[in-house]
Amino acid sequence: MVTATAPQRMVISRADGTPVEVNAPSRREFLYYIWGASIVLLLGEATAGLIWFMLPRFKEGTFGGTFNYPPAEVPHAGGAPLNTPEGRFWVSNVENEGLVMLYAVCTHLGCLYKWSESNNRFECPCHGSKFQRNGRYIEGPAPRSLDRFRTMLTFEDGTTAVTNDAGDPIPLTGRAIVDIRIDTSDRIKRPGRV
Ligand code: FES
């Protein structure tokens, strides 16, 4: 025979100090409450983690994100490369090769190299590494040619071109560029001094 047990009563105080008698939760109810609170907490943490994961880590136009570079500012083929310090890249338009975005940090020990107009090449002030305008190693202690950022070009006719996995310059072949996206989160390292 099953016998029902009367709920236990307990006394609590109101805000004004008046005592009031209420039903105390049973052991089972208490465990349900704890279990429910744990589930809600876990779901909250999982949701917050998912939102954080889906948020872009870097804003557009800041280093680590994507840069929208103005096509009108691209140097002419064979012209002096242009530095974009906020994106840490040089824009270099190489005659007979095309457009390449070079990471502005030397591959030796991380100094910022400069363009030397008189010598027509990049030169690092720290230990003297030299690089061609397409980023290729010339001389010095640098272990590899300059790194490049993957770039997507959109041309006037609607076609697009993306930097290949070797980081070679994108051929322009006389086509007018209407949009340039440089992904500074996608750095391509050359395998050596090539
Ligand atoms: S850091 Fe550039 S040559 Fe050493």
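No experiment lies behind these values; they were computed from the predicted model shown. We count ligands from 1, going down the list as the structure has it; atoms in each ligand are counted the same way.
- No side-chain donor-acceptor contact under 3.5 Å links S185 to the backbone of G65.
- Listed by chain and number, C106, H108, L109, G110, C111, C124, C126, H127, G128, S129 each place a non-hydrogen atom less than 4.0 angstrom from ligand 1.
- For the pair S116 (side chain) and R121 (backbone), a donor-acceptor distance under 3.5 Å is absent.
- Its side chain within the 4.5 Å cluster rule, W35 clusters with I39, L43 among the Ile, Leu, Val, Met, Phe, Trp and Tyr residues.
- The backbone N or O of A166 sits less than 3.5 Å from a side-chain atom of R190, completing a donor-acceptor pair.
- SG atoms of C126 and C106 are separated by 2.5 angstrom or more, inconsistent with a disulfide link.
- Listed for the R144 side chain is no donor-acceptor partner under 3.5 Å among the backbone atoms of A142.
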